[in-house]
Every structure is written in structure tokens, then in C-alpha cells.
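Input: a single structure, listed below in C-alpha cells.
The first residue in the sequence is number 1, and the count goes up from there. All values reported here derive from a predicted model rather than from experimental measurement.
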Amino acid sequence: MPYFRVRALVVLVVLSGSLTVAGPPPATAATPASPSDSLWFDGAPLTVQGGRFTDGQGREIVLRGYNVSGETKLEENSGLPFASVADAQKSATALRALGGANTVRFLLSWAHAEPVRGQVDTGYLAAVAEQMRAFLDAGIRVFPDFHQDLYSRYLFSSGSWYTGDGAPKWAVDAGSYPAESCGICLFWGQNITQNAAVQKAQYDFWHNSYGLQDAFLTTARTAMAYLRQHLTGAEFADIAGFDPYNEPYAGSYDSGQTSRTWEKDLLWPFYEKFRARMDAAGWQDKPAFVEPNLFWNADISTQKQEGGLLDAGTLGPRYVFNTHFYDQKAISGVLMWGKAADGQYAADFATVRDRAASAGTAAVVSEFGHPLSGTVSDKAPTVLKAMYQALDSRLPGASWWSSPSASGPVLSGTQWQWDLYNGRHHELMNGNPDKVLTSGDAWNDEDLSAVDLDGSGNVALRQDARLLDRLYPSATAGTTLAFTYEDRSRDGSTTLTWNPVPSSLPNVARLVGSGQYGVLVWRSGDGTAPTELHLPASFPTASATVVSDLGTVSAPPAYTGAATPVAVAPEPGGTGSRRLLLTDTDSGALHYALVTNGATSPSADLLSAARSELSAWVTAHF
């Protein structure tokens, strides 16, 4: 979580009012149709090969979605993301149809999984399985996460300004920790390094004091075994892996210990133990999504610590390099005065790509986001656009067309967060009936949910749909060489165009016009399954134009197999969302595709001219 979050009561900078960020008028998700939308190449388990996520057809997979949800950190729904299975189903449908997602990071609570030491609550696990099933049945991949922030809510007094989540009460009682106090703390995250109770509790967990780590690992194994037994084979196939521990931090270092040696001597052995529990629970074919030291990639120099699992060796297919990124400078309100710009986070996300590559595994940015209310919310449209841009490519838009071969792999990521109850909570903070939280995320003054419910109870986006519902290559039949997407999202009334088509491609620019567009360049593999791109709702089939070496089509036809190399099909799960399918019949060949909604019934001459320009551009740069 964005641990530099400003408290509502303490403002470092006096600004003229608060700005909230909203998208277009509230949208309603499509009514689920039939789950028979699945095609023969859908539903294959995810693996890690050659440093990329791959499916059973050998295609490169990109995971995109959201965290569901910070509600797990609260007590109002007993540590579950949703109040009911119906709400989970509503969220799954909307997450596909409105948010363009194919994956969720599904939060779990140790406190609710093991409320009494040595006794796992199977009722809680049963509710978890049912809510998780709502996403799996919608064709959405899931990776569970045992979540913690500030170790546990039970460290905090009923009158505290702050709270935590994670460990059960018995784990806190075992440690006899000092009364929590952060001193003069303006941000909740300062508790991580300044609150003695939080520091000591974290330290004890990593040193297995009172057998705390052993107890957690036993509960994790039981939880994984339960899910393995109570999900169907097809449902379990769509479990992508498991995130063992959210945002790990030492609490405090031993004499002579550094952040790097802490990772080597304490964090990595914990992950190896968790990996063994995964194997014993029947998860041996799924990767562990392991996070390095929380501060390894902080963008404030005084917070940054050496890390990134540098001494873990080659992680390989049994682990995924899993990290978070928030722009703490932007969130602080004082360290970044302006808004984000083209390429703002290219270097930060390149660091993630490079670290995963050197570790021989895939990467996922499992949390990123920005506050949607308060004094810094005016930055959200540009910060989020720049983060998605950096997930799509290593390059700023200004240099993408001139150096596309340096674009790099497309990163997987899950935005924080997707909370149906945003602004409608009823949370007794630290159990205090006199401190009932209703606004925002109801947790330490956070407000990052991409959605809420409108007056009719429908899911509505709180951010620009053009930003969230994105074109992206969800499955590439071969190796992705370059990708970009110009979403034309808005900052207020201003259209943000950071990657205009260059004047050297006049017919492509004319075809795109003022519309959205994406370009994918890939080298074909040995499989027969097509390349897939998620089609946002802003790309209705009748208005979609594809210019590719595989074919040039306006209003692509329905998919019928290799006979329709450029075609559209529903995404699995019956949510009404669609995908573009590009089918090649070769191996090792270079392919490209431009997808745009800017043209209205383009002429054959314009399509032909645009194709000639793109073909020459690809030949020149690849």
C-alpha cells in the first residue's frame, strides 16, 4: 500500500480545495451470457518459461487486473473481500466488462484463517473458496495473497489514529509488545519504521519467535490444501500461483545486518519453506509470487534500501518476481509538485523488468495506484496513465516509434484496488464503536478504489474508462517484441496524448485520427493458438480497424478458426467482453498489428497505404 499516505487531519501543503477524480458517467456491466464463450485454447494452466508467463499453448501471457480487495483488511465482512457471493459475482462481471481485467490478486486474512492458535477456520476458507469461484467462473485468473500491513490490527489501541491487518490476536498476545506509538507521524506508513510495537512484532515473525512463522506456514498449507480440494480441476487450473506475504520488512535489523543480508538470511529461507508447503498442498505446478524487501525500489532516496532478492540465485519457473510500486513523491504532496508526464516511470519499471530477467523469471507489479481524493488526487489521471504506459513498454511515447525494438516485454500488473463498498463502509476502527469509518477505503484514510456502487447498486468506475479498460496483448503466440497503447485518457477536460503517430507515417496517422490505438509486434512461435488482445468497450466491433500483415480489416468478423486470421470472439466467462484474435500459421516469422477505433469506414486505399507504411516501419526497426 502507499505507505506515504497523507492523513486527512494533517496537511503539509495548503492547496485551494480538494479535487476528486472521476471518469465518464457510471457504467453498468453487461449481463452475463453463457459461459460457452470459451474456445479450445482457453483454460490452460499458467506456467513460467523462459522468463515469461506462458499457457498450455506456449503463448506468452500478460496478467492485468486489480486487487480484490482492501475490504479483507477490515472487520465488517469478517476478513473477506465481499459481503456475499452475489457481490463477488457482480464484481467479477464488472471487472471483466468495465475494467478489462483477466486476473485478480485475491486478499486473504491470517487473523480469520486461524483465529485460535492451531485451529484453522474451515468456515472462513469455505467462504473464500466460494468468492474466489465467482472470478474463476468468469474466466479470470486468481492469485491469493496472505495480506498484512503494520503486522496486525491487534497492535493498535481503540483510540489510535492508525490500524493494521494480518496476524491474529493470539500472535500479538504471545509477544507482549509495548503500547503502540508512532510519535509525530504524518503518514500511516511511518509506523513501519517508527512504531516500536510494529517493529518488534515484525522482527519476531521473521525470527520465528514463539513459533509464529511456523504457525503461519502450517495455516497457509492448510488453506492451500483446502482450496485444492474444494475447487474443481478447471477452476484450480486458473489459479495462477500464491503470494506468500504482502510487503515484507524486517521490523529492525540485527547488529551488522543489512537489508540485503536480511533478505538472504531470513526472507528467502521463509519463501523456500512456503514453497515446500505449496508442494505438499498440491500446488507444486504453480509459482510462488515472492516479494522483496518493501523498500527495495522506493522512489525516495532516503527510504530506498538495497534488495530485490539479489542473493536468491536463479528463481526459475517455481517463483515469480513480485513487487509493488507507488510514486511516494507524488503522494507526499511536497516532493513532486506537478503532474506525471510521458515516460515518468519508464526507468522504475525497467528496474523491475531487469531484476526479473536477471533472476530468470517473470515479473508482476501486484500493487500500484494513486489516491482518488484529497490534496494530491489531481495527479491521479497522469500518474496512472504513466504507470500503465510503463507496464506496456520500457519506452516513453516520445521515443517509441523511433526505437520500438527497445520496447521490451509487457509487464503484468494488478492495480490497487477494486472495492465495491468504497464510500459505503461501516467499519469500527480497531473495534471502537465511537469511530465508525464510512468514507473511502475505511482504512488509514486511504481512497484508491477504481470503483464504487452507484445509487442503483450498479458497479461504476471512478476513473476514466479509457484509462482502465485497455487494449493489451493478453496472450501472444510467440515472443512479444514491442507493444504500445495510446489510450487518449483525460485529465479533466484535457486529452492526454503521449504517443502520437509520427508524421513519417501520414496514412497511419490519418487512419488513427483522434482515436485510440495500439500496436503489437511479435515473432511467431510453434503453437497453433492465436494471439489475443483484449478489446476495450470503446472498441465496438463495428468501429474497430486492424491493419496487420495477417490481414487488413474494418469491423473484423467472428472467429471461426485459421480461416479468419483477424477476427473477434467473446472472452470466456459470459461477461460480454471481447477479444481480437490474430492467427498466424508459421514459426519464427515477424508479425505486426495496428488496432484502432479512430477510423469510420476507412477506404480500401487508406488501409492499403497504412499497411505499406507499417510494413516498411517494421522492416526498418526489427
Can you confirm whether the side chains of Asp254 and Tyr203 place a donor and an acceptor under 3.5 Å from each other? yes

Measure the acute angle between the ring planes of His324 and Tyr326, then classify it against the limits of 30° and 60° as parallel, tilted or perpendicular. perpendicular

Any donor-acceptor N/O pair, Ser449 side chain to Asp419 backbone, under 3.5 Å: yes

Less than 6.0 angstrom separating the ring centers of Trp161 and Phe156, yes or no? no

I'd like to know if Lys385 and Asp464 make a salt bridge, using a cut-off of under 4.0 Å between side-chain N and carboxylate O. no

Salt bridge check: are Asp311 and Arg260 linked by an N-O gap of less than 4.0 Å? yes

List for me each residue that meets side-chain hydrogen bond (donor to acceptor under 3.5 Å, both in side chains) alongside Tyr245, sequence neighbours excluded, and say none if there are none. Gln202

Side chain to side chain contact (heavy atoms under 4.5 Å, CB included) with Asp441: of Gln417, Lys73, Glu71, only one passes, and it is Gln417

Under 3.5 Å, is there a donor-acceptor pair between the Thr163 and Trp443 side chains? no

Does the plane of the ring in Phe143 sit parallel, tilted or perpendicular to the ring in Phe289? Use 30° and 60° as the thresholds. parallel

Quick test of your reading: applying disulfide bond (SG atoms under 2.5 Å apart), list the pairs with at least one residue in residues 290-319, sequence neighbours left out, ordered by first then second residue. none

Is there a donor in the side chain of Glu180 and an acceptor in the side chain of Ser160, or the other way round, less than 3.5 Å apart? yes

Taking the six-membered ring for Trp and the single ring otherwise, decide whether the centroids of Trp268 and Tyr319 are under 6.0 Å apart. yes

Aromatic centroids of Tyr154 and Trp110 separated by under 6.0 Å: no

So the salt bridge (Lys or Arg N to Asp or Glu O under 4.0 Å) pairs with at least one residue in residues 181-205 (sequence neighbours excluded) are Lys200-Asp204

Would you confirm whether Trp206, through its side chain, and Tyr249, through its main-chain N or O, come within 3.5 Å as a donor-acceptor pair? yes

Not counting sequence neighbours, list each pair that qualifies as a salt bridge (Lys or Arg N to Asp or Glu O under 4.0 Å) and has a residue in residues 109-136. Glu130-Arg133, Arg133-Glu235

Applying side-chain contact (heavy atoms from CB on, under 4.5 Å), name anything that partners Asp469, two or more places apart in sequence or on another chain. His534, Pro536, Ala537

Tell me every residue that passes side-chain hydrogen bond (donor to acceptor under 3.5 Å, both in side chains) with Ser439, counting only those two or more places apart in sequence or in another chain. none

Using the test side-chain hydrogen bond (donor to acceptor under 3.5 Å, both in side chains), find all partners of Gln305 that sit at least two apart in sequence or belong to another chain. Tyr253, Asn293

For residues 351-361, which residue pairs qualify under salt bridge (Lys or Arg N to Asp or Glu O under 4.0 Å), counting only residues two or more places apart or in two chains? Asp354-Arg394

Does any donor atom in the side chain of Asn322 or Arg105 lie under 3.5 Å from an acceptor atom in the other side chain? no

Taking atom types as modelled, is there a side-chain donor on Thr72 or Ser109 under 3.5 Å from an acceptor on the other? no

Aromatic ring proximity Trp416/His147, centre distance under 6.0 Å: yes

Would you say the side-chain atoms of Gln213 pair up with the backbone N or O of Ser209, donor to acceptor, closer than 3.5 Å? no

With Ser489 via side-chain hydrogen bond (donor to acceptor under 3.5 Å, both in side chains) - residues at least two apart: Asp487

Relative to the ring of Phe274, is the ring of Phe270 parallel (under 30°), tilted (30 to 60°) or perpendicular (over 60°)? tilted

Keeping to residues at least two apart or across chains, list the salt bridge (Lys or Arg N to Asp or Glu O under 4.0 Å) pairs with something in residues 161-170. Lys169-Asp173

Begin with the C-alpha distance, continue with both residues' side-chain angles, and end with the deciding distance and a verdict on salt bridge (charged side-chain N to carboxylate O under 4.0 Å, His left out) for Asp214 and Lys273. CA-CA 9 Å; Asp214 288 342; Lys273 294 172 186 175; 5.3 Å; no

May I ask you to check whether Tyr472 and Tyr388 place their ring centers less than 6.0 Å from one another? no

Between His426 and Tyr421, is there a side-chain heavy-atom distance shorter than 4.5 Å? no

Are Phe349 and Val365 close enough that some pair of their side-chain heavy atoms sits under 4.5 Å apart? yes

Using the side-chain contact (heavy atoms from CB on, under 4.5 Å) criterion, which residues pair with Lys304? Sequence neighbours excluded. Ala298

Partners of Asp392 by salt bridge (Lys or Arg N to Asp or Glu O under 4.0 Å), sequence neighbours excluded? Arg64, Arg470

